[in-house]
**Q** 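Quick one: structure below, then a few questions.
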Protein chains: 2
Amino acid sequence: MDIKERLELFVEKCKEKKLKITPQRIAVYEVLLCSKEHPTVEEIYNKIKERYPYVSMATVYRTVEILESLGLVKRVCYWGNSTRYDANIEEHHHFICLKCGIIRDIHLNGDMYIPKEIDGLTVHSVAVNMYGLCSSCKN
Amino acid sequence: MDIKERLELFVEKCKEKKLKITPQRIAVYEVLLCSKEHPTVEEIYNKIKERYPYVSMATVYRTVEILESLGLVKRVCYWGNSTRYDANIEEHHHFICLKCGIIRDIHLNGDMYIPKEIDGLTVHSVAVNMYGLCSSCKN
DNA sequence: ATACCTGCAAAGGCTTTGCGGTTCG
DNA sequence: CGAACCGCAAAGCCTTTGCAGGTAT
């Protein structure tokens, strides 16, 4: 699904839930869709500010929360100070550099196997974080 | 390795690094060693307070940081508000209940396979978080 | 028209830091 | 004795919330 289709899906979902479609909301989702860097709220805010100088951090916080509740973005859970967001919602995992902190998407397909049931508990979703040094920091 | 041996190891490591062995530090590590609940700093603090009423939160924060840097405890990375700590440093993973937030240790052994090398990047460690409903919340 | 949303500023958590007094080695 | 540590309080982030004015439907 490309960016335009995803934005349309967002509009659809907003209509369903009687949420209003505002330029700020579109802008937040657009930044996330165009970024592969798993940005923080502050990074999203700074990007949006270029075009909408009066946008507020609170709006960005409120919007990522909505996007998450609609299932359009995911939090990247890791031990950094601030939460990061990812508009790629296909099953994939993350490689995090222990030195510079960069997060790279990892698609493992058949190379990895994680059971969907453990001790009688059903696993709804899995987050795999791999830690190591990225190619730049390795040298 | 039992609790007593682990405490001795801690003392050893402190001597190596010229860190002082204080009752507060022992108490923090002891609480972590005796707990399977992956406590937050505040929870550790409350436990210690029973025996050392004048202990301060700052000391607990400073101590878990030392323990982490010595490789004796690990942060449990998840999307809760506060960081949790785990004195179990053997390779294992976590099942987190989406409703009540309880964290259960998972030992998968051969049931799960995660490659140690990806796209030429070496994986030093892996954190797997599985999300679902615990047996209590399922009902 | 009105329900919802925004920006601002203030408040709320969790965590870190600076300082004077204390303790371990 | 001296370096390292502790408790306290203040300061620092990141995030959430309340409110008055503005916007989408």
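Owing to the predicted nature of the structure, the values given are computational and were not obtained by experimental measurement. Order of the sequence lines sets the chain letters (A, B, ...), proteins ahead of strands, with each chain counted from 1. Note: hydrogens, waters and symmetry copies are ignored here, and every other heavy atom, side chains too, is used.
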**Q** Distance check needed: dC14(C) C1' versus Arg62(B) CZ, whole Å only.
**A**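 Between C1' of dC14(C) and CZ of Arg62(B): 15 Å.
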**Q** Should we say atom NZ of Lys36(A) is surrounded by more than 12 heavy atoms from elsewhere, each under 6.0 Å from it?
**A**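 No, NZ of Lys36(A) has 12 or fewer neighbouring heavy atoms, counting only those of other groups under 6.0 Å.
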**Q** Is it the case that atom NZ in Lys138(B) sees more than 12 heavy atoms from other parts of the structure closer than 6.0 Å?
**A**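 For Lys138(B), atom NZ is crowded (more than 12 foreign heavy atoms under 6.0 Å).
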**Q** With a 4.0 Å cutoff (strictly under), does any side-chain N or O of Thr22(B) reach OP1 or OP2 of dA4(D)?
**A**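 No, outside the criterion.
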**Q** In this structure, how many angstroms lie between the P atom of dC5(D) and the CD atom of Gln24(B), rounded?
**A**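 After rounding, the reported distance stands at 11 Å.
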**Q** Between Pro23(B) and Ile21(A), name the one whose nearest nucleotide on DNA chain C is closer to the 5' end.
**A**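 The residue closer to the strand's 5' end, by nearest nucleotide, is Ile21(A).
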**Q** Answer with yes or no whether the side chains of His93(A) and Asp105(A) bring together a donor and an acceptor at under 3.5 Å.
**A**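 Looking only at side-chain atoms, His93(A) and Asp105(A) do not form any donor-acceptor pair under 3.5 Å.
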**Q** Distance check needed: dG7(C) P versus Arg25(A) CZ, whole Å only.
**A**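 Answer to the nearest Å: 11 Å.
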**Q** Whole-Å distance between dT15(D) P and Arg84(A) CZ?
**A**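 Between P of dT15(D) and CZ of Arg84(A): 10 Å.
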**Q** Report yes if at least one side-chain N or O of Thr59(A) is closer than 4.0 Å to OP1 or OP2 of dC5(C); otherwise report no.
**A**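 For dC5(C), OP1/OP2 do not have a side-chain N/O of Thr59(A) under 4.0 Å.
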**Q** Using a cut-off of strictly less than 4.0 Å, decide whether Thr40(B) has a side-chain nitrogen or oxygen near OP1 or OP2 of dC14(C).
**A**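 Answer no for this pair, as no side-chain N or O of Thr40(B) is under 4.0 Å from OP1 or OP2.
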**Q** Counting neighbours of NZ on Lys74(B) that are heavy atoms of other residues, nucleotides or ligands and sit closer than 6.0 Å, is the number greater than 12?
**A**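 Yes, enclosed.
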**Q** Could you check how far NZ of Lys20(A) sits from P of dT25(D), rounded to whole Å?
**A**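 Rounded to the whole Å, the gap is 7 Å.
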**Q** In plain terms, say whether Glu37(A) and Arg84(A) are close enough for a salt bridge, that is, a side-chain N and a carboxylate O under 4.0 Å apart.
**A**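 Judged by the 4.0 Å cut-off on N to carboxylate O distance, Glu37(A) and Arg84(A) do not form a salt bridge.
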**Q** Rounded to whole Å, please give me the gap between CE in Met57(A) and P in dA11(C).
**A**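 Going from CE in Met57(A) over to P in dA11(C) covers 19 Å.
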**Q** Among dT15(C), dT25(D), dA4(D), find the nucleotide with the atom closest to the side chain of Thr83(B).
**A**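 Minimum distance to the Thr83(B) side chain belongs to dT15(C).
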**Q** Classify the side chain of Lys18(B) and the base of dA4(D) as holding, or not holding, a donor-acceptor pair under 3.5 Å.
**A**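 Absent.
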**Q** dT6(C) phosphate, OP1 or OP2: any side-chain N/O from Ser56(A) under 4.0 angstrom?
**A**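 Result: no.
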**Q** Side-chain N or O of Ser82(A) versus OP1/OP2 of dC13(D): is the shortest distance under 4.0 Å?
**A**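 No.
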**Q** Under 4.0 Å: is that the gap between some side-chain N or O of Tyr61(A) and OP1 or OP2 of dT15(D)?
**A**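 For dT15(D), OP1/OP2 do have a side-chain N/O of Tyr61(A) under 4.0 Å.
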**Q** Taking atom P of dC14(C) as reference, at what distance in whole Å does atom CD of Glu43(B) sit?
**A**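 That distance rounds to 11 Å.
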**Q** Round to the nearest Å and state the distance from Ile26(B) atom CD1 to dC6(D) atom P.
**A**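 Answer to the nearest Å: 11 Å.
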